[in-house]
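Just so it is clear, the values below take in all heavy atoms, side chains as well, and ignore hydrogens, waters and symmetry mates. Naming: A, B, ... by sequence-line order, numbering from 1 per chain.
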Number of protein chains: 2
Amino acid sequence: MATERRAPLDRRRVADTALDLLNEVGLDGLTLRAIARELDVKAPALYWHFKDKQALLDEMATEMYRRMVADTSLDPADTWRERLLKTNRGLRAALLRYRDGAKVFSGSRFTGAVHAKQMESDLRLFTTAGLTLPQAVRATTTAYVFTLGFVTEEQGVHPLPGERREGYDLDERARLMADYPLTAQAGAEIFTDYDRHFEEGLALVIGGIGAAYGLD
Amino acid sequence: MATERRAPLDRRRVADTALDLLNEVGLDGLTLRAIARELDVKAPALYWHFKDKQALLDEMATEMYRRMVADTSLDPADTWRERLLKTNRGLRAALLRYRDGAKVFSGSRFTGAVHAKQMESDLRLFTTAGLTLPQAVRATTTAYVFTLGFVTEEQGVHPLPGERREGYDLDERARLMADYPLTAQAGAEIFTDYDRHFEEGLALVIGGIGAAYGLD
DNA sequence: AAGCGGCACTTAACAGCGTTAAGGAGATGG
DNA sequence: CCATCTCCTTAACGCTGTTAAGTGCCGCTT
(Lines give C-alpha, C1' and ligand atoms only; values in the text may rest on other atoms or scores of the structure.)
Protein backbone atom coordinates (compact mmCIF):
# COMPACT_ATOMS: atom_id res chain seq x y z
CA MET A 1 0.00 0.00 0.00
CA ALA A 2 1.66 3.16 -1.20
CA THR A 3 0.96 5.35 1.79
CA GLU A 4 2.56 8.54 0.57
CA ARG A 5 4.70 10.22 3.13
CA ARG A 6 4.16 13.93 3.37
CA ALA A 7 7.23 15.92 2.42
CA PRO A 8 8.78 17.43 5.53
CA LEU A 9 7.78 20.97 6.35
CA ASP A 10 10.02 23.96 6.09
CA ARG A 11 9.70 27.51 7.35
CA ARG A 12 8.45 28.90 4.06
CA ARG A 13 5.70 26.31 3.62
CA VAL A 14 4.49 26.88 7.15
CA ALA A 15 4.46 30.65 6.69
CA ASP A 16 2.66 30.26 3.38
CA THR A 17 -0.08 28.14 4.87
CA ALA A 18 -0.38 30.46 7.86
CA LEU A 19 -0.86 33.44 5.54
CA ASP A 20 -3.63 31.65 3.67
CA LEU A 21 -5.30 30.79 6.94
CA LEU A 22 -4.89 34.35 8.20
CA ASN A 23 -7.26 35.55 5.51
CA GLU A 24 -9.94 33.13 6.65
CA VAL A 25 -9.74 33.47 10.41
CA GLY A 26 -7.92 36.72 11.17
CA LEU A 27 -5.07 37.25 13.59
CA ASP A 28 -7.13 36.27 16.63
CA GLY A 29 -8.10 32.96 15.09
CA LEU A 30 -4.62 32.16 13.88
CA THR A 31 -3.69 29.55 16.46
CA LEU A 32 -0.82 27.11 16.20
CA ARG A 33 -3.27 24.24 16.33
CA ALA A 34 -5.25 25.61 13.39
CA ILE A 35 -2.11 26.16 11.35
CA ALA A 36 -0.88 22.67 12.19
CA ARG A 37 -4.24 21.15 11.23
CA GLU A 38 -3.97 22.83 7.84
CA LEU A 39 -0.54 21.25 7.39
CA ASP A 40 -1.71 17.80 8.50
CA VAL A 41 0.47 17.91 11.52
CA LYS A 42 0.14 18.41 15.28
CA ALA A 43 0.85 21.78 16.87
CA PRO A 44 4.13 20.94 18.63
CA ALA A 45 5.62 19.97 15.26
CA LEU A 46 5.82 23.67 14.49
CA TYR A 47 8.35 24.06 17.27
CA TRP A 48 10.79 22.05 15.24
CA HIS A 49 10.87 24.88 12.70
CA PHE A 50 10.21 27.94 14.87
CA LYS A 51 11.35 28.69 18.37
CA ASP A 52 8.00 30.27 19.20
CA LYS A 53 4.89 31.78 17.62
CA GLN A 54 6.52 35.17 17.18
CA ALA A 55 9.22 33.59 15.03
CA LEU A 56 6.49 32.22 12.79
CA LEU A 57 4.84 35.63 12.59
CA ASP A 58 8.24 37.08 11.69
CA GLU A 59 8.56 34.59 8.86
CA MET A 60 5.05 35.51 7.69
CA ALA A 61 5.98 39.20 7.63
CA THR A 62 9.13 38.33 5.72
CA GLU A 63 7.10 36.35 3.21
CA MET A 64 4.71 39.28 2.79
CA TYR A 65 7.71 41.45 2.08
CA ARG A 66 9.08 38.99 -0.49
CA ARG A 67 5.77 38.97 -2.33
CA MET A 68 5.67 42.75 -2.24
CA VAL A 69 9.09 42.92 -3.86
CA ALA A 70 8.09 40.29 -6.42
CA ASP A 71 4.98 42.25 -7.36
CA THR A 72 6.70 45.62 -7.61
CA SER A 73 8.59 46.30 -10.81
CA LEU A 74 11.33 48.76 -10.05
CA ASP A 75 13.31 50.52 -12.72
CA PRO A 76 16.79 51.88 -11.95
CA ALA A 77 15.79 54.83 -14.14
CA ASP A 78 12.80 55.71 -11.96
CA THR A 79 12.60 59.27 -10.83
CA TRP A 80 12.56 59.56 -7.06
CA ARG A 81 8.86 60.45 -7.21
CA GLU A 82 8.03 57.40 -9.28
CA ARG A 83 10.03 55.25 -6.91
CA LEU A 84 8.20 56.51 -3.83
CA LEU A 85 4.86 56.02 -5.52
CA LYS A 86 5.72 52.48 -6.63
CA THR A 87 7.16 51.28 -3.36
CA ASN A 88 4.41 52.69 -1.18
CA ARG A 89 1.59 51.58 -3.44
CA GLY A 90 3.24 48.19 -3.47
CA LEU A 91 3.53 48.18 0.30
CA ARG A 92 -0.12 49.06 0.75
CA ALA A 93 -1.20 46.40 -1.73
CA ALA A 94 0.94 43.81 0.05
CA LEU A 95 -0.56 44.66 3.43
CA LEU A 96 -4.11 44.69 2.10
CA ARG A 97 -3.70 41.22 0.66
CA TYR A 98 -4.03 39.74 4.15
CA ARG A 99 -6.53 40.24 6.92
CA ASP A 100 -4.77 42.16 9.70
CA GLY A 101 -1.82 42.43 7.34
CA ALA A 102 -0.64 45.75 8.73
CA LYS A 103 -0.79 44.46 12.30
CA VAL A 104 1.16 41.32 11.50
CA PHE A 105 3.68 43.31 9.51
CA SER A 106 4.32 46.09 12.00
CA GLY A 107 4.43 43.68 14.93
CA SER A 108 7.20 41.58 13.41
CA ARG A 109 10.82 41.76 12.34
CA PHE A 110 12.24 40.35 9.15
CA THR A 111 14.27 37.19 9.35
CA GLY A 112 17.62 37.88 7.75
CA ALA A 113 18.43 40.77 5.46
CA VAL A 114 15.71 40.42 2.84
CA HIS A 115 14.93 44.12 2.79
CA ALA A 116 18.49 45.27 2.22
CA LYS A 117 18.41 44.93 -1.55
CA GLN A 118 15.41 47.16 -2.17
CA MET A 119 16.52 49.60 0.47
CA GLU A 120 19.94 49.92 -1.09
CA SER A 121 18.35 50.56 -4.47
CA ASP A 122 16.08 53.23 -3.03
CA LEU A 123 18.84 54.96 -1.12
CA ARG A 124 21.13 54.94 -4.14
CA LEU A 125 18.41 56.43 -6.29
CA PHE A 126 17.70 59.16 -3.75
CA THR A 127 21.30 60.09 -3.11
CA THR A 128 21.94 60.15 -6.85
CA ALA A 129 19.02 62.55 -7.13
CA GLY A 130 20.89 64.95 -4.89
CA LEU A 131 19.88 64.08 -1.35
CA THR A 132 22.26 63.39 1.49
CA LEU A 133 21.97 59.94 3.02
CA PRO A 134 20.17 61.24 6.13
CA GLN A 135 17.73 63.07 3.90
CA ALA A 136 17.17 59.96 1.81
CA VAL A 137 16.49 57.93 4.94
CA ARG A 138 14.11 60.56 6.24
CA ALA A 139 12.22 60.74 2.95
CA THR A 140 11.76 57.00 2.54
CA THR A 141 10.90 56.22 6.14
CA THR A 142 8.46 59.12 6.43
CA ALA A 143 6.55 57.75 3.46
CA TYR A 144 6.89 54.25 4.90
CA VAL A 145 5.38 55.05 8.29
CA PHE A 146 2.64 57.06 6.60
CA THR A 147 1.65 54.04 4.54
CA LEU A 148 1.88 51.68 7.48
CA GLY A 149 -0.27 53.96 9.63
CA PHE A 150 -2.74 54.49 6.82
CA VAL A 151 -3.31 50.80 6.18
CA THR A 152 -3.52 50.08 9.90
CA GLU A 153 -6.42 52.50 10.13
CA GLU A 154 -7.89 51.26 6.88
CA GLN A 155 -7.92 47.65 8.01
CA GLY A 156 -9.60 48.68 11.22
CA VAL A 157 -12.59 49.51 9.04
CA HIS A 158 -12.05 47.12 6.13
CA PRO A 159 -10.44 43.87 7.30
CA LEU A 160 -10.22 42.87 3.65
CA PRO A 161 -11.02 45.00 0.61
CA GLY A 162 -14.78 44.87 0.20
CA GLU A 163 -15.50 43.65 3.72
CA ARG A 164 -16.67 46.14 6.31
CA ARG A 165 -16.12 45.72 10.05
CA GLU A 166 -19.21 46.22 12.20
CA GLY A 167 -19.76 49.30 14.31
CA TYR A 168 -19.00 51.79 11.61
CA ASP A 169 -22.41 53.08 10.73
CA LEU A 170 -21.99 56.45 9.11
CA ASP A 171 -25.53 57.63 9.82
CA GLU A 172 -25.28 56.74 13.48
CA ARG A 173 -21.94 58.47 13.70
CA ALA A 174 -23.40 61.60 12.14
CA ARG A 175 -26.20 61.58 14.73
CA LEU A 176 -23.72 61.18 17.58
CA MET A 177 -21.75 64.15 16.27
CA ALA A 178 -24.80 66.35 15.82
CA ASP A 179 -23.30 69.16 17.90
CA TYR A 180 -20.15 69.18 15.80
CA PRO A 181 -21.19 69.90 12.21
CA LEU A 182 -17.79 69.76 10.55
CA THR A 183 -16.88 66.56 12.35
CA ALA A 184 -20.21 65.02 11.41
CA GLN A 185 -19.71 65.92 7.80
CA ALA A 186 -16.12 64.71 7.88
CA GLY A 187 -17.28 61.14 8.54
CA ALA A 188 -18.21 60.56 4.93
CA GLU A 189 -14.81 61.89 3.94
CA ILE A 190 -12.92 59.72 6.40
CA PHE A 191 -14.56 56.35 6.04
CA THR A 192 -14.97 56.07 2.29
CA ASP A 193 -12.79 55.80 -0.79
CA TYR A 194 -9.58 54.74 0.87
CA ASP A 195 -7.86 54.29 -2.49
CA ARG A 196 -8.21 57.93 -3.38
CA HIS A 197 -7.36 59.13 0.10
CA PHE A 198 -4.20 57.08 0.15
CA GLU A 199 -3.12 58.61 -3.11
CA GLU A 200 -3.83 62.11 -1.84
CA GLY A 201 -2.02 61.53 1.43
CA LEU A 202 0.97 60.00 -0.32
CA ALA A 203 1.01 62.96 -2.70
CA LEU A 204 1.16 65.32 0.27
CA VAL A 205 4.12 63.46 1.72
CA ILE A 206 5.95 63.31 -1.59
CA GLY A 207 5.23 66.96 -2.24
CA GLY A 208 6.67 67.82 1.16
CA ILE A 209 9.83 65.89 0.39
CA GLY A 210 10.30 67.65 -2.93
CA ALA A 211 9.75 71.05 -1.37
CA ALA A 212 11.98 70.49 1.65
CA TYR A 213 14.91 69.05 -0.22
CA GLY A 214 14.70 71.23 -3.29
CA LEU A 215 14.22 68.36 -5.73
CA ASP A 216 13.09 68.68 -9.37
CA MET B 1 -13.11 46.41 63.60
CA ALA B 2 -13.61 49.06 60.97
CA THR B 3 -13.08 46.89 57.90
CA GLU B 4 -13.27 49.62 55.30
CA ARG B 5 -15.28 48.65 52.31
CA ARG B 6 -13.66 49.47 49.03
CA ALA B 7 -15.57 52.00 46.99
CA PRO B 8 -17.20 50.29 44.01
CA LEU B 9 -15.25 50.32 40.79
CA ASP B 10 -16.15 52.27 37.72
CA ARG B 11 -14.92 52.13 34.14
CA ARG B 12 -12.50 55.02 34.52
CA ARG B 13 -10.82 53.63 37.63
CA VAL B 14 -10.40 50.27 35.98
CA ALA B 15 -8.93 51.84 32.85
CA ASP B 16 -6.62 54.00 34.97
CA THR B 17 -5.25 51.05 36.86
CA ALA B 18 -4.90 49.03 33.69
CA LEU B 19 -2.86 51.82 32.11
CA ASP B 20 -0.52 51.92 35.10
CA LEU B 21 -0.13 48.17 34.93
CA LEU B 22 0.47 48.33 31.18
CA ASN B 23 3.68 50.23 31.78
CA GLU B 24 4.97 47.51 34.06
CA VAL B 25 4.00 44.37 32.20
CA GLY B 26 3.31 45.37 28.59
CA LEU B 27 0.35 44.42 26.46
CA ASP B 28 1.13 40.70 26.58
CA GLY B 29 1.21 40.69 30.35
CA LEU B 30 -1.91 42.76 30.72
CA THR B 31 -4.30 40.00 31.77
CA LEU B 32 -7.70 40.49 33.34
CA ARG B 33 -6.53 38.59 36.39
CA ALA B 34 -3.54 40.90 36.84
CA ILE B 35 -5.70 44.01 36.47
CA ALA B 36 -8.23 42.60 38.91
CA ARG B 37 -5.50 41.79 41.44
CA GLU B 38 -4.32 45.39 41.25
CA LEU B 39 -7.86 46.52 42.02
CA ASP B 40 -8.28 44.04 44.90
CA VAL B 41 -10.97 42.18 43.07
CA LYS B 42 -11.39 38.94 41.16
CA ALA B 43 -11.25 38.83 37.39
CA PRO B 44 -14.94 38.19 36.66
CA ALA B 45 -15.82 41.39 38.54
CA LEU B 46 -14.51 43.31 35.55
CA TYR B 47 -17.33 41.88 33.47
CA TRP B 48 -19.77 43.92 35.48
CA HIS B 49 -18.21 47.06 34.02
CA PHE B 50 -17.06 45.86 30.59
CA LYS B 51 -18.67 43.41 28.24
CA ASP B 52 -15.27 41.97 27.28
CA LYS B 53 -11.56 42.73 27.31
CA GLN B 54 -11.73 44.75 24.11
CA ALA B 55 -14.21 47.12 25.74
CA LEU B 56 -11.67 47.69 28.51
CA LEU B 57 -8.93 48.33 25.96
CA ASP B 58 -11.27 50.78 24.24
CA GLU B 59 -11.75 52.61 27.51
CA MET B 60 -7.98 52.69 28.00
CA ALA B 61 -7.49 54.22 24.56
CA THR B 62 -10.19 56.75 25.36
CA GLU B 63 -8.45 57.61 28.61
CA MET B 64 -5.17 58.04 26.76
CA TYR B 65 -6.93 60.41 24.43
CA ARG B 66 -8.42 62.39 27.32
CA ARG B 67 -4.99 62.81 28.85
CA MET B 68 -3.59 63.88 25.53
CA VAL B 69 -6.22 66.57 25.22
CA ALA B 70 -5.66 67.67 28.81
CA ASP B 71 -1.92 68.01 28.21
CA THR B 72 -2.20 69.87 24.92
CA SER B 73 -2.93 73.57 25.19
CA LEU B 74 -4.71 74.65 22.05
CA ASP B 75 -5.22 78.25 21.12
CA PRO B 76 -8.07 79.24 18.76
CA ALA B 77 -5.62 81.72 17.31
CA ASP B 78 -3.12 79.01 16.36
CA THR B 79 -1.94 79.05 12.80
CA TRP B 80 -2.70 75.80 11.01
CA ARG B 81 0.99 74.90 11.16
CA GLU B 82 1.16 75.48 14.90
CA ARG B 83 -1.96 73.43 15.36
CA LEU B 84 -0.62 70.48 13.41
CA LEU B 85 2.63 70.62 15.34
CA LYS B 86 0.87 70.80 18.71
CA THR B 87 -1.66 68.05 18.10
CA ASN B 88 0.80 65.60 16.61
CA ARG B 89 3.53 66.25 19.18
CA GLY B 90 0.83 65.80 21.79
CA LEU B 91 -0.34 62.57 20.20
CA ARG B 92 3.16 61.16 20.10
CA ALA B 93 3.78 62.14 23.73
CA ALA B 94 0.50 60.52 24.77
CA LEU B 95 1.36 57.28 23.00
CA LEU B 96 4.89 57.19 24.35
CA ARG B 97 3.65 57.51 27.89
CA TYR B 98 2.58 53.88 27.87
CA ARG B 99 4.34 50.70 26.90
CA ASP B 100 2.77 49.47 23.65
CA GLY B 101 0.76 52.69 23.68
CA ALA B 102 0.53 52.93 19.90
CA LYS B 103 -0.63 49.32 19.61
CA VAL B 104 -3.33 49.74 22.24
CA PHE B 105 -4.42 53.01 20.69
CA SER B 106 -4.60 51.90 17.10
CA GLY B 107 -6.27 48.62 18.00
CA SER B 108 -9.15 50.28 19.82
CA ARG B 109 -12.09 52.58 19.22
CA PHE B 110 -13.12 55.45 21.44
CA THR B 111 -16.12 55.01 23.67
CA GLY B 112 -18.54 57.81 22.90
CA ALA B 113 -17.68 61.02 21.09
CA VAL B 114 -14.71 62.26 23.10
CA HIS B 115 -12.68 63.16 20.08
CA ALA B 116 -15.35 65.28 18.42
CA LYS B 117 -14.50 68.48 20.27
CA GLN B 118 -10.85 68.65 19.27
CA MET B 119 -11.61 67.46 15.79
CA GLU B 120 -14.22 70.15 15.32
CA SER B 121 -11.76 72.76 16.52
CA ASP B 122 -9.10 71.54 14.11
CA LEU B 123 -11.43 71.37 11.15
CA ARG B 124 -12.79 74.85 11.86
CA LEU B 125 -9.29 76.23 12.07
CA PHE B 126 -8.29 74.59 8.80
CA THR B 127 -11.36 75.61 6.86
CA THR B 128 -11.03 79.14 8.18
CA ALA B 129 -7.48 79.11 6.89
CA GLY B 130 -8.88 78.55 3.43
CA LEU B 131 -9.09 74.78 2.98
CA THR B 132 -12.14 72.92 1.85
CA LEU B 133 -13.46 70.38 4.33
CA PRO B 134 -12.13 67.42 2.34
CA GLN B 135 -8.74 69.09 2.22
CA ALA B 136 -8.85 69.76 5.94
CA VAL B 137 -9.70 66.12 6.61
CA ARG B 138 -6.91 64.96 4.31
CA ALA B 139 -4.37 67.25 5.96
CA THR B 140 -5.20 66.28 9.55
CA THR B 141 -5.55 62.55 8.96
CA THR B 142 -2.39 62.34 6.88
CA ALA B 143 -0.44 63.86 9.75
CA TYR B 144 -2.33 61.60 12.16
CA VAL B 145 -1.49 58.34 10.44
CA PHE B 146 2.10 59.47 10.01
CA THR B 147 2.41 60.01 13.74
CA LEU B 148 0.68 56.75 14.58
CA GLY B 149 2.90 54.83 12.19
CA PHE B 150 6.00 56.58 13.46
CA VAL B 151 5.36 55.78 17.11
CA THR B 152 4.40 52.20 16.27
CA GLU B 153 7.84 51.74 14.73
CA GLU B 154 9.50 53.70 17.51
CA GLN B 155 7.98 51.57 20.24
CA GLY B 156 9.08 48.46 18.41
CA VAL B 157 12.62 49.59 19.27
CA HIS B 158 11.98 51.60 22.44
CA PRO B 159 9.08 50.13 24.43
CA LEU B 160 9.42 53.08 26.79
CA PRO B 161 11.63 56.15 26.34
CA GLY B 162 15.08 55.14 27.52
CA GLU B 163 14.45 51.40 27.31
CA ARG B 164 15.77 49.49 24.35
CA ARG B 165 14.24 46.27 23.06
CA GLU B 166 16.69 43.43 22.48
CA GLY B 167 17.79 42.34 19.05
CA TYR B 168 18.62 45.77 17.76
CA ASP B 169 22.36 45.72 17.79
CA LEU B 170 23.58 48.33 15.37
CA ASP B 171 27.02 46.84 14.89
CA GLU B 172 25.62 43.42 14.12
CA ARG B 173 23.16 44.96 11.71
CA ALA B 174 25.96 46.79 9.95
CA ARG B 175 27.87 43.51 9.59
CA LEU B 176 24.79 41.76 8.16
CA MET B 177 24.38 44.53 5.60
CA ALA B 178 28.03 44.52 4.59
CA ASP B 179 27.15 44.12 0.91
CA TYR B 180 24.84 47.10 1.00
CA PRO B 181 26.89 50.11 2.08
CA LEU B 182 24.16 52.73 2.06
CA THR B 183 21.76 50.45 3.94
CA ALA B 184 24.45 49.62 6.47
CA GLN B 185 25.19 53.28 7.02
CA ALA B 186 21.49 54.09 7.21
CA GLY B 187 21.11 51.99 10.36
CA ALA B 188 22.61 54.65 12.56
CA GLU B 189 20.26 57.16 10.97
CA ILE B 190 17.17 54.98 11.45
CA PHE B 191 17.55 53.67 14.97
CA THR B 192 18.73 56.73 16.84
CA ASP B 193 17.38 60.12 17.80
CA TYR B 194 13.70 59.47 17.29
CA ASP B 195 12.79 62.90 18.65
CA ARG B 196 14.60 64.71 15.90
CA HIS B 197 13.44 62.32 13.21
CA PHE B 198 9.85 62.72 14.25
CA GLU B 199 10.18 66.48 13.98
CA GLU B 200 11.75 66.20 10.55
CA GLY B 201 9.13 63.79 9.28
CA LEU B 202 6.32 65.90 10.63
CA ALA B 203 7.90 68.96 8.99
CA LEU B 204 7.90 67.12 5.65
CA VAL B 205 4.20 66.31 6.00
CA ILE B 206 3.28 69.83 7.05
CA GLY B 207 5.38 71.29 4.27
CA GLY B 208 3.58 69.09 1.78
CA ILE B 209 0.22 70.28 3.04
CA GLY B 210 1.20 73.91 2.75
CA ALA B 211 2.54 73.42 -0.75
CA ALA B 212 -0.40 71.35 -2.01
CA TYR B 213 -3.11 73.60 -0.70
CA GLY B 214 -1.39 76.93 -1.30
CA LEU B 215 -1.39 77.98 2.33
CA ASP B 216 0.65 80.86 3.80
C1' DA C 1 23.54 -6.84 7.74
C1' DA C 2 23.37 -4.69 12.04
C1' DG C 3 23.46 -0.96 14.65
C1' DC C 4 23.30 3.89 15.40
C1' DG C 5 22.45 8.79 15.35
C1' DG C 6 19.69 12.41 14.17
C1' DC C 7 15.73 14.30 11.91
C1' DA C 8 10.83 15.25 12.04
C1' DC C 9 7.30 14.33 14.18
C1' DT C 10 3.47 12.54 18.03
C1' DT C 11 1.38 12.07 22.56
C1' DA C 12 0.58 13.89 26.91
C1' DA C 13 0.52 17.34 29.87
C1' DC C 14 0.86 22.11 32.11
C1' DA C 15 -0.13 26.71 33.55
C1' DG C 16 -2.53 30.46 32.29
C1' DC C 17 -5.94 32.85 29.37
C1' DG C 18 -10.80 35.08 28.41
C1' DT C 19 -15.23 34.15 29.55
C1' DT C 20 -19.77 32.30 31.58
C1' DA C 21 -22.97 30.59 35.11
C1' DA C 22 -24.62 30.64 39.52
C1' DG C 23 -24.81 32.44 43.90
C1' DG C 24 -24.26 35.69 47.85
C1' DA C 25 -23.58 39.94 50.73
C1' DG C 26 -25.01 44.53 51.49
C1' DA C 27 -27.56 48.61 50.57
C1' DT C 28 -32.11 50.56 49.13
C1' DG C 29 -37.04 51.10 49.02
C1' DG C 30 -41.88 49.93 50.00
C1' DC D 1 -39.64 42.44 56.78
C1' DC D 2 -39.35 41.08 52.52
C1' DA D 3 -38.00 42.19 47.64
C1' DT D 4 -34.95 44.19 44.55
C1' DC D 5 -30.88 45.89 42.67
C1' DT D 6 -25.93 46.41 42.68
C1' DC D 7 -21.53 44.60 42.71
C1' DC D 8 -18.87 41.16 43.58
C1' DT D 9 -17.13 35.82 44.44
C1' DT D 10 -16.54 30.93 43.50
C1' DA D 11 -16.25 27.46 40.30
C1' DA D 12 -15.71 25.91 36.04
C1' DC D 13 -15.30 25.75 30.83
C1' DG D 14 -12.68 25.34 26.54
C1' DC D 15 -8.83 27.05 24.50
C1' DT D 16 -4.11 28.88 24.16
C1' DG D 17 1.18 28.72 23.71
C1' DT D 18 4.63 25.83 25.21
C1' DT D 19 7.58 21.89 27.15
C1' DA D 20 8.99 17.07 28.00
C1' DA D 21 9.39 12.66 26.56
C1' DG D 22 8.95 9.19 23.30
C1' DT D 23 8.66 7.05 18.43
C1' DG D 24 9.42 5.71 13.64
C1' DC D 25 12.17 6.25 9.79
C1' DC D 26 16.30 7.60 6.97
C1' DG D 27 21.15 7.43 5.84
C1' DC D 28 25.64 6.23 7.47
C1' DT D 29 29.20 3.56 9.51
C1' DT D 30 31.18 -0.73 10.84
Arg37(B) CZ to dC8(D) C1', straight-line distance once rounded to whole Å | 17 Å
Within this structure, what is the CD-to-P distance between Gln54(B) and dG18(C), rounded to whole angstrom?
-> 12 Å
Leu30(B) CG to dG18(C) C1', straight-line distance once rounded to whole Å | 13 Å
Using 30° and 60° as the class limits, which term best fits the ring planes of Tyr65(B) and Phe110(B): parallel, tilted or perpendicular?
-> tilted
Check the distance between dC13(D)'s P and Tyr47(B)'s OH and give it to me in whole angstrom.
-> 17 Å
Expected list for residues 56-63 of chain A near DNA chain D, using heavy atoms below 4.0 Å, is none
So, does the side chain of Arg33(A) form a donor-acceptor pair with the base of dG17(D) at under 3.5 Å?
-> yes
Reading nucleotides 6-12 of chain C from the 5' end, what letters show protein touch, with B for base, S for backbone sugar-phosphate only, - for no heavy atom under 4.0 Å?
-> -SBSBBB
Please name all residues satisfying side-chain contact (heavy atoms from CB on, under 4.5 Å) with Leu96(A), sequence neighbours left out, ordered by chain then number.
-> Arg92(A), Val151(A), Glu154(A), Gln155(A), Pro161(A)
What side-chain donor-acceptor pairs closer than 3.5 Å can you find for residues 174-191 of chain A, not counting sequence neighbours?
residue, atom, partner, partner atom, Å
Thr183(A), OG1, Glu120(B), N, 3.2
Thr183(A), OG1, Glu120(B), OE1, 2.6
Glu189(A), OE2, His197(A), NE2, 3.2

Could you tell me which residues satisfy side-chain contact (heavy atoms from CB on, under 4.5 Å) with Arg67(A), sequence neighbours excluded, listed by chain and number?
-> Asp16(A), Leu19(A), Glu63(A), Tyr98(A)
With a 3.5 Å cut-off and no angle check, do the side chains of His158(A) and Arg164(A) form a donor-acceptor pair?
-> yes
Rounded distance in Å - CG (Leu32(B)) to C1' (dT10(D)) | 17 Å
Take Ser108(B) and Gln54(B) through the test side chain to side chain contact (heavy atoms under 4.5 Å, CB included) and record every step on the way to the result.
-> CA-CA 7 Å; Ser108(B) 307; Gln54(B) 186 55 53; 3.6 Å; yes
Rounded to whole angstroms, how far apart are CG on Asp28(A) and C1' on dG18(C)?
-> 11 Å
Qualifying ring pair (Phe, Tyr, Trp, His ring centres under 6.0 Å) pairs, either residue in residues 13-59 of chain A, two or more places apart | none
Between Leu39(B) and Ile35(B), is any pair of side-chain heavy atoms under 4.5 Å apart?
-> yes
